[in-house]
Amino acid sequence: MNKKLINVFTNDMPASKDAMVHIREKFNEFGYSVTTEFSPHASLIICIGGDGAFIKAVHNCGFPDVPFLGVNTGHLGFFEEITLEEFDAFLLDYLSGRYTIQPLNTVNATVITKDGSEYHHTGLNEVVIRGRQSSTVHLGLCIDNILIQKFTGDGILCAPSSGSTAYNYSLGGAIVDPRLDSLQLTPIAPINTNAYRSFTSSLMLPSEKTIEVTPEERERNIYVFNDGYETGYTDVARINIRVSDTTINLIRRHDYDFWSKVKSKFL
Ligand code: NAP
């Protein structure tokens, strides 16, 4: 690791680009090099923007070990820890080691096609399985090889605890403290009638469980969305979803408290 090398990524907002200039100058004052090209040897990745910019940087960098610091320039900024106005004071804390690291679990979906090929999709917020456009999808759902139900609806979402406040929350899923190692399965518009019986609430599973999704034979088109990145398949045999071994490290203030953050952003 090169302790004096910092990566900085920003979205296209003018305020973010201005913030980038300021952050670069401040780090240069302390003898750090700042680059906008990802280096796995950097000691820190700074992400300027909102949660969307942070998620994009995590994907573009390939879910690295290097810790991230989010600087919020508008939007919600749930993953972001500071604003630009707070940056100079926080920089002194960072340089003196006065901060905490929040580990964020990720979720992995392995798609196994009918010819036996495997494709992996990792999400920080979630993995979503849906059918084509707005058509209903029929999915067998197993938890550790036990068939739980045949689901019918728009689809299912699987979130590690760190993604519980994103799309999962909008679907009525539970907000989960990221210190709990869990995998949450949340239905998207489940059909619960005399014709179909689908669960209508989220299921909370321990992180070592595997969810196996088996599309019914009639399902030709299955789409996997990991943090909004879409991949379409026409020949899915099954999809295994579980909490991944990959963890993202997020820099937080020394007195960071998850529930205070929830209160300030949601209530
Ligand atoms: P996006 O515009 O990047 O994000 C949509 C909203 O979700 C933004 O306000 C974003 O915050 C916020 N957000 C993202 N991750 C969050 C988290 N972990 N906790 C709390 N809020 C969070 O949308 P996108 O590019 O389509 O997809 C990225 C993410 O958006 C997906 O991973 C999914 O979770 C979420 N999404 C939500 C819905 C929904 O709620 N109905 C639908 C589709 C996708 P910022 O404003 O700070 O960027």
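In each ligand, atom 1 is the first atom listed, and ligand 1 is the first ligand listed. Scope of the values below: all heavy atoms of this structure, side chains included, with no hydrogens, waters or symmetry mates.
- Ring pair Tyr196/His138 is tilted by interplanar angle, where 30° to 60° counts as tilted.
- Taking the six-membered ring for Trp and thresholds of 30 and 60 degrees, Phe199 and Phe151 have ring planes inclined between 30 and 60 degrees apart.
- Partner of Thr110 under the side chain to side chain donor-acceptor pair (under 3.5 Å) criterion, chosen from Glu118, Glu212, Arg238, His120: His120.
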Subject >> Arg179/Asp177 under salt bridge (Lys or Arg N to Asp or Glu O under 4.0 Å): CA gap, chis, key distance, verdict >> reply: CA-CA 5 Å; Arg179 286 164 290 198; Asp177 191 315; 2.7 Å; yes
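- The aromatic rings of Tyr229 and His59 are tilted relative to each other, their planes meeting at an angle between 30° and 60°.
- Scanning the protein heavy atoms around atom 28 (C) of ligand 1, the nearest turns out to be Asp227 O, 3.9 Å.
- Here the closest heavy-atom approach between residue Phe78 and residue Lys261 is recorded as O-CE, 3.1 Å.
- Contacts of Phe78 with ligand 1, taken as heavy-atom pairs under 4.0 Å, involve the side chain alone.
- Applying the 6.0 Å contact sphere to CG of Asn145 captures no more than 12 heavy atoms from other residues, nucleotides or ligands.
- Protein heavy atom closest to atom 46 (O) of ligand 1, with residue, atom name and distance, is His75 CB, 2.9 Å.
- When heavy-atom distances to ligand 1 are checked against a 4.0 Å cut-off, Tyr169 has no atom that comes that close, whether in backbone or side chain.
- Under the 4.0 angstrom criterion for non-hydrogen atoms, Phe79 is in contact with ligand 1.
- By the 4.5 Å heavy-atom criterion applied to side chains, Ile175 and Trp259 are counted as neighbours.
- The protein does not reach atom 1 (P) of ligand 1 closely, with no heavy atom under 4.0 angstrom from it.
- Taking every non-hydrogen atom of Gly52 and a distance limit under 4.0 Å, the qualifying atoms of ligand 1 come out as 3 (O), 48 (O).
- The presence of a protein heavy atom under 4.0 Å from atom 6 (C) of ligand 1 is ruled out.
- No part of Asn168 comes within 4.0 Å of ligand 1, judged by heavy-atom distances.
- Residue, atom and distance of the protein heavy atom nearest to atom 31 (C) of ligand 1 are Glu126 OE2, 3.4 Å.
- The protein heavy atom nearest to atom 36 (N) of ligand 1 is Tyr167 CB, 3.8 Å.
- Remark: ligand 1 atoms within the under-4.0 Å shell around heavy atoms of Gly77 are 47 (O).
- Every atom of ligand 1 with a heavy atom of Thr165 under 4.0 Å away is listed here by number and element: 17 (C), 18 (N), 19 (N), 20 (C), 21 (N).
- At a 4.0 Å heavy-atom cut-off, ligand 1 touches Asn125 through the side chain alone.
- The closest side-chain heavy-atom distance from Leu203 to Ile143 is below 4.5 Å.
- Protein heavy atoms are found inside the 4.0 Å sphere centred on atom 21 (N) of ligand 1.
- For the pair Asp181 and Asn105, the tightest heavy-atom approach, listed with the atom from each and the gap, is OD1-ND2, 3.0 Å.
- Atom 16 (C) of ligand 1 is flagged as protein-proximal [any protein heavy atom, distance under 4.0 Å].
- Note: Tyr119 and Tyr233 have tilted aromatic rings, judged against thresholds of 30 and 60 degrees for the angle between ring planes.
- Taking each of Ser164, Gly228, Ala159, Ser170 in turn, the one with a heavy atom nearest to atom 40 (O) of ligand 1 proves to be Ser170.
- If you look at Glu80 next to ligand 1, there are no close heavy atoms at all, none under 4.0 Å.
- Heavy atoms from both the backbone and the side chain of Ala166 come within less than 4.0 Å of ligand 1.
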**OP:** I would like to know whether Glu86 and Arg253 meet salt bridge (Lys or Arg N to Asp or Glu O under 4.0 Å); could you show each step before the answer?
**Re:** CA-CA 11 Å; Glu86 295 163 335; Arg253 292 171 197 279; 2.9 Å; yes
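- Atom 24 (P) of ligand 1 is never approached by the protein to below 4.0 angstrom, counting heavy atoms only.
- Regarding atom 9 (O) of ligand 1, its nearest protein heavy-atom neighbour is Leu76 CB, 4.2 Å.
- Which parts of ligand 1 touch Ile55 is read off a 4.0 Å heavy-atom cut-off, strictly below it: atoms 15 (N).
- Scanning the protein heavy atoms around atom 12 (C) of ligand 1, the nearest turns out to be Asp51 OD2, 4.1 Å.
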Original post:
Can you list the steps and then say if Lys114 with Asp235 is a salt bridge (Lys or Arg N to Asp or Glu O under 4.0 Å)?
Top reply: CA-CA 6 Å; Lys114 287 177 182 158; Asp235 56 350; over 6 Å; no
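- Proximity of atom 42 (C) of ligand 1 to the protein is indicated by at least one non-hydrogen atom lying closer than 4.0 angstrom.
- In terms of modelled atom types and a separation under 3.5 Å, the side chain of Ser198 and the main chain of Thr152 share a donor-acceptor contact.
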